[in-house]
Each structure stands twice: as structure tokens, then as C-alpha cells.
Amino acid sequence: MSRLLLRKLALLIVLVPALHFLGAWYAYRQQGFFYPPKEVSTQTGNGFDVSYEIDDRPFITHYRGVISAMIDGDLGRIERTKVAEYIDDFIVRSAQLLGVAFLATIVLGLGMCLLSISPRTGRVSPTMVTIFTLGNGIPGFFLGTLLVLGLLYVKRVGWTNQVLLPVQGYSTSKHLILPALTLALRPAFYIASIGASLLEHEFQQDYVRVAKSKGLRWRTIVRRHAIPNVAPAVFASLGRGLQMVVGSLILVEALFDWRGTGWMLFNTLTNSRSITFFNPLILALLLAMTGAILILVDLLASMLSLWINPLGRQASVGRG
Amino acid sequence: MFKNLPLTFGLSIVGLMLLIAIFGPSLAPHDPVEEHRAFRYEGQLYGGPPMAALPPFSHPEYPLGFDDISRDLLSRLLWAVRPTLVLCTIIAAVRLLLGLVVGGVVGFLGPRVASWLDTITTITSSLPILIVALGYLIWTGGSAVIVYQGVRPITANNAGLTAFIVALCMTGWVNSASVVQGYVQKILHAPYLESAQAIGLNRWQITRRYILPQVWPLLPMLLASELTAVTLIVAELGYLGYYIGGSYIYTDKTTDSPLPDIVKQKAGQPELGQMLSDFFGQYSRAPWVSIFAGLLMVLLLVGFTLTSEGLRRSLDITRPRRWSWRNLLPRKTSKTSKSKLNQAA
């Protein structure tokens with residue numbers, strides 16, 4: 001157990017700084033400078049003469065400066081705005097969205113997985129498995145688009161006085177519902193399909209037949225035998241599912257105009273009017289944060305799966 | 001016939017899409033890039049942005065209506081499947097090939113090298129492929145061309161096919177590599193391989209006689225799942241405004257009004273990912289474009305998903321029958337064997 005977790009922790013320690021460096025380098029290479037050129041106006045005889053002062057120190061000098069400032073707790077500035085003060089609102093909004101989406105993914109995924117067990121046949125219902133597979137194939141942004149269009153259509157036809165849920169924005173908690181749902185649906189279907197296929201495999205084991213012939217109630221078989229056997233693998237797949245949530249953050253935040261880190265990353269990469277456009281400090285921070293969240297989520301899922309798995313606890317004694 | 005429902009449905013959907021890809025362009029009733037700037041129908045004037053777009057199911061010759069700059073949507077959809085399918089197939093094949101070679105070699109070299117592959121898997125999972133692909137496409141395409149409509153930026157990138165292939169293959173091969181590696185390792189631990197080594201077969205002979213014949217059946221399943229993943233990323237990139245093919249500037253400039261009010265960057269040749277882009281630019285004028293293009297994309301995705309799921313089921317040895325093309329046809333059950341069994345009992 002400890003070896004796997006230690007390796008993932010080591011990866012976290014190595015990868016996050018590497019991603020930070022990569023982000024800063026990428027933005028620097030794309031723009032050609034680390035800080036935007038400063039406008040310098042000098043007074044001459046007949047008015048002002050404007051020139052640009054380009055900072056052409058090499059990248060590594062800049063980067064060293066950024067790192068040492070970060071160690072002192074200063075994230076730097078974009079023009080006159082402090083990065084730390086600018087970015088914290090975005091982080092809080094993304095954290096809210098991700099928290100709700102994670103919760104929705106786990107509840108929906110595990111709930112659908114349990115719902116797919118059919119007590120009548122003693123197996124997993126094939127209809128539900130097909131639904132899970134279909135849900136797995138539908139991209140989240142399309143569902144989001146359909147939801148948005150549906151809400152707008154309902155308003156247009158006049159069934160409701162106003163749009164039932166706000167479609168774009170980030171100010172109230174109602175704005176959270178659509179993006180969180182869009183983020184959560186596909187990963188939930190993914191987790192449910194993994195869980196269902198594992199359960200189906202489990203129900204074909206000999207011990208289930210023995211338990212049935214012993215006269216155990218179906219509910220007891222599921223609760224005491226099948227689920228504990230399946231749970232570690234399902235929890236391990238939870239990591240992948242939650243990674244999918246984080247992976248589509250950039251798309252969903254851009255779609256619903258939820259001003260979080262995903263929105264910021266999209267704007268940093270594509271919107272030349274935004275003040276963060278290819279800013280090395282911002283891009284480095286955003287990439288490092290995304291990587292850290294992805295690895296942490298995976299780490300948490302594997303910790304959970306090892307923690308609930310009695311076999312893992314025993315086997316770790318031998319393997320170290 | 002209905003032994004393996006997902007496979008049957010998946011293959012029929014994929015077959016339908018293949019038919020559209022092959023015959024769609026010749027079936028298309030109109031030119032997909034022709035604009036109908038002033039189109040009069042039932043007393044109403046339809047056309048490009050200052051005028052309304054022709055809605056679907058209203059005109060018999062244009063059953064799906066116009067897109068937001070008054071091009072026939074049905075023809076565009078029929079033309080759009082081919083480039084998307086070709087793009088996705090090429091990328092998926094490259095990813096599968098890379099994964100197969102790397103996974104096979106790593107699996108053969110044993111668990112110590114396999115832990116390296118595991119590390120690479122964790123590293124790639126720490127960077128979403130969407131961000132990697134976006135980063136690479138922006139890198140190669142120079143800075144993105146950006147046109148504003150209202151407050152929403154419309155990004156357009158004239159990315160070539162090579163850029164797309166590299167962008168989606170950079171980290172994409174890892175998944176199938178780890179599947180193949182696990183499979184090869186499982187085969188290498190089988191008892192019959194010990195006997196193969198005992199009779200003196202060398203590595204190449206073992207690969208040819210034992211490993212390759214067992215890996216081949218895995219390939220269709222892996223290809224289908226790669227296709228699902230690639231199509232999804234292509235759809236997402238298209239939605240964010242990154243697609244293959246060029247674009248041109250649409251304006252409402254005429255001889256009467258030389259200064260245009262509306263300037264839009266629109267793609268010329270249709271492609272499914274591109275038709276999904278610019279949702280907020282066109283939802284007030286022609287929301288049906290996103291819906292129809294999205295439905296076609298979802299159909300493609302569902303087809304690939306169902307095929308891969310069906311192939312996975314047919315490979316599953318806990319299920320009774322192995323897959324063959326005969327399973328798609330109705331089969332007579334032999335009653336004689338049953339009665340013999342009964343006699344024996």
C-alpha cells in the first residue's frame with residue numbers, strides 16, 4: 001500500500017514544478033517575452049516621444065526570479081494587478097464547481113450502479129448496462145448545449161415567465177446547477193458502467209451460487225458479499241472518473257461562462273484581449289494547479305480503494 | 001442475432017456512418033458552400049445575418065433549413081461526415097499502432113520496464129489531453145485568429161492534418177499501450193509458455209506462435225475504443241473552435257452598403273467538429289445547426305462506443321460464445337446434442 005502511495009506522492013512533487021516550468025516556458029516561447037513591453041514616454045522639445053522598453057533577459061533568469069518571489073509568498077503582478085489577488089476568486093469559484101461536480105459524480109455514479117442490480121434475475125440488468133454505455137458515448141458539452149437550448153426554448157414558447165435556471169454566469173448558487181450537472185453526467189455513467197460490469201462478473205462467481213443455495217436472502221448476498229468484493233475496484237475507477245471531471249472543466253466553464261480557472265485557462269490560451277493572454281505567470285500557475293488536482297484526485301481514489309480493501313492491507317505486508 | 005446487442009447496434013450505426021461518408025457527398029442535394037443571400041419563400045425573405053435563417057422542416061428542397069449564413073444544412077451535414085471520419089480513423093490507427101508496439105515491447109521486457117510505462121501513464125493522466133492538444137494546436141498554428149462577435153470570441157485555427165495527428169497522438173497512445181502490456185504479461189506468465197521455453201523456442205518464435213495470435217483479437221476492440229476517445233476529443237476541440245480546414249470572412253457588404261455591419265469568420269468546407277463550434281455565435285439565429293451536427297456526432301460516438309463494448313463482451317471468456325461473423329445471423333440450435341445429454345444423464 002505504502003509503496004504505491006509514495007510513488008504517486010513523489011510524482012506529485014516532481015510533476016507539479018515541472019508543469020509550472022512547462023507552462024511558463026510555453027507562454028514565453030509563444031509570446032517572445034516574459035513581461036509585456038513597457039511603454040516609456042520621454043519629453044522632447046516638441047511633445048512626448050513614446051518608445052517601448054523590451055525586457056530581453058533570458059527566460060531562465062526571469063523564471064529564477066519568479067520562483068524566488070514565490071518562495072517569499074509573492075506570485076507576481078500582471079501590469080498593476082497582483083496575481084494572488086486576481087486569481088483567488090477564480091480558484092474559489094472553480095473549487096465550488098468542482099466540489100459540487102465531484103459529489104454529484106460520486107452519488108450519481110454509485111447510485112446508478114446499485115440501481116442496475118436486478119433482484120428478479122439475480123444479475124445486472126442489460127438495459128441499464130446499455131444505458132450506461134450510451135451515456136458514456138455522449139459528450140458532456142452536447143448535453144449542456146441541449147439543456148441550454150431547452151431552457152431557452154421553454155422561455156421563448158412562454159411556458160415559463162423567465163428562464164428556469166440561469167444559463168450563463170457565476171454570481172448565484174443557481175448558476176452552479178447546470179455546469180455541475182454537465183460536468184458530472186459522463187463520468188457518472190463511466191463509473192456506473194465500470195461498477196455494473198464488475199458486479200456482473202461477481203454475480204457469476206461460484207460463491208454467489210453457493211450462498212443462494214444456502215438460502216441467503218438476495219439483499220444479504222449483494223450487501224455482504226458482492227459489494228465489498230467489488231468496492232475497491234470501483235473506488236479505483238472513481239479516480240479516473242473524477243479526472244474526467246477535471247479534464248472537461250475548461251470546456252464546461254467556457255460554455256457556461258463560469259469564471260473559474262478553466263475559463264481563465266481558455267481565455268489565457270485563446271483570447272488576445274484578456275489581460276492574462278499568454279501570461280507566463282498565469283499559465284504556469286494554472287497548469288500546475290490542474291496537474292496537482294488531477295494527481296491528488298487519483299491519489300485520493302487509490303487511497304480510498306486500498307483503505308476499504310482488506311486484501312490490499314494484508315498483501316502490503318509482503319510487498320512492502 | 002440478438003446475442004450481442006451492443007455489437008449489432010454499434011456495427012449498424014458505424015456502417016450507416018460509413019455509407020454517409022462514402023455516398024453522402026454525391027447524395028447531397030445542393031452545394032455545401034453556396035450561400036443563398038436573398039431567398040424568398042412564402043412571402044418571407046430568408047438569407048444571411050441581417051435576414052432570418054430558413055428554419056428546418058419548412059421548405060421541401062431544404063429539409064433541414066439553412067445554417068446561420070444561409071447555406072443548405074443537409075448538404076453540409078452529408079459532406080461533413082467524410083473528413084471527420086477520415087481524420088478520426090487516421091489518428092486512432094496511429095495511436096493504436098504506437099500503443100501496440102510500445103505495449104508489446106514493454107510487456108515482453110518484463111515488470112521492471114513496465115513500471116516505467118506505469119509512470120508515463122500517471123504523468124499523462126496529470127495533463128488532460130484536451131489541454132495538451134489545444135496547446136499543441138495553438139503552438140503550431142501561430143496565435144489563434146480571433147474575431148469578435150458581441151463579447152464572445154470566435155477562435156479559428158487553420159490547423160493542418162499533421163498538427164491534429166501529432167496533437168492527439170502525443171499522449172493518446174498510452175492507454176492502449178498499457179492494455180497491450182498487461183495482456184502480454186498475462187500471456188507470458190501462462191504455464192504453456194514455460195513449456196515453450198523448455199522445448200527451446202526463442203523469443204521471436206514465442207512472439208509469433210503464442211503472443212501475436214492472442215493479441216490480434218484484441219485489436220478491433222482497442223481500435224473501437226480509440227476511435228471513441230479520438231472522436232470525443234475532436235468534437236471537444238471543434239466545440240472550442242479548433243478544427244481542420246480553412247475559413248473565410250463573411251460580411252453583409254453589398255454594392256448598396258459598402259461598409260459592412262456584420263463580419264464573421266466562417267468555415268468553408270464542412271466538417272462535423274467545425275459545425276459544432278461557435279454555438280453562442282449562432283444559437284439565437286440558427287440553434288438547429290448545433291443540434292443536428294451534435295446529433296450526428298453523438299451517433300458516431302455511440303456507434304463506436306457500442307462497437308467497442310460489444311467486442312469487449314465477445315472477448316469476455318465468462319460469456320459462452322466467442323465472436324464470429326456468423327453470430328450476426330440467426331443460428332439453428334441442434335436438438336440432437338441436447339437429447340444425447342439427457343440420455344447420458
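Numbers restart at 1 for each chain; the letters A, B, ... are given by sequence-line order, proteins then strands. Below, each value reflects all heavy atoms present in this structure, side chains not excepted, and no hydrogens, waters or symmetry copies.
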Side chain, backbone, both or neither of L300(B) within contact of chain A (heavy atoms, under 4.5 Å): neither
Heavy-atom pairs under 4.5 Å with chain B, option from T130(A), T145(A), L19(A), I295(A) with the top count: T145(A)
Side chain / backbone / both / neither for L152(A) at chain B, heavy atoms under 4.5 Å: side chain
L149(A) and W288(B), any side-chain heavy atoms less than 4.5 Å apart: no
Which atoms of S197(A) approach chain B - backbone, side chain, both or neither, heavy atom under 4.5 Å: side chain
Pairs of heavy atoms under 4.5 Å with chain A: top-ranked of L299(B), L232(B), T231(B): L232(B)
Spatial distance of atom CD1 (I131(B)) from atom CG (L269(A)) [nearest 0.5 Å]: 8.0 Å
Criterion side-chain contact (heavy atoms from CB on, under 4.5 Å) on L127(B) and T290(A), from CA distance to verdict: CA-CA 7 Å; L127(B) 256 183; T290(A) 315; over 6 Å; no
Minimum side-chain heavy-atom gap L130(B)-S248(A) below 4.5 Å: no
Y153(A) atom OH: more than 12 heavy-atom contacts under 6.0 Å: no
Note, L134(A) side chain near F9(B) side chain (heavy atom, < 4.5 Å): no
Greatest number of heavy atom pairs closer than 4.5 Å to chain B - which of I250(A), L251(A), I138(A), V16(A): L251(A)
Beyond-backbone contact of T270(A) with Y242(B), side-chain heavy atoms, under 4.5 angstrom: yes
Criterion side-chain contact (heavy atoms from CB on, under 4.5 Å) on L11(A) and I123(B), from CA distance to verdict: CA-CA 8 Å; L11(A) 265 176; I123(B) 290 174; 4.0 Å; yes
Spatial distance of atom NZ (K8(A)) from atom CG (D118(B)) [nearest 0.5 Å]: 7.5 Å
Interatomic spacing from CG in L276(B) to CZ in F141(A) - rounded to 0.5 Å: 5.0 Å
Closest approach of A254(A) to L240(B) (non-hydrogen atoms, all atoms of both residues): CB-CD2, 4.4 Å
Nearest heavy atoms of Y239(B) and L255(A), plus distance in Å: OH-CD1, 2.7 Å
Chain B contact via L249(A) - side chain, backbone, both or neither, heavy atoms under 4.5 Å: neither
Flag side-chain contact, heavy atom, 4.5 Å: L294(A) against P128(B): yes
Pick from L306(B), T305(B), L134(B) with the largest number of heavy-atom pairs that fall under 4.5 Å of chain A: T305(B)
Atom group of V148(A) that falls short of 4.5 Å from chain B, counting heavy atoms: side chain
Largest heavy-atom contact set with chain B, pairs under 4.5 Å, which of R29(A), Q243(A), M244(A): Q243(A)
Non-hydrogen atoms of V298(B) and F142(A) that approach each other most closely: CG2-CD2, 3.4 Å
Winner by heavy-atom pair count (cut-off under 4.5 Å) against chain A, out of E236(B), E309(B), M297(B): E236(B)
Contact winner vs chain A - S290(B), P287(B), G135(B), heavy-atom pairs under 4.5 Å: G135(B)
L15(A) side chain reached by T122(B) side chain, heavy atoms, under 4.5 Å: no
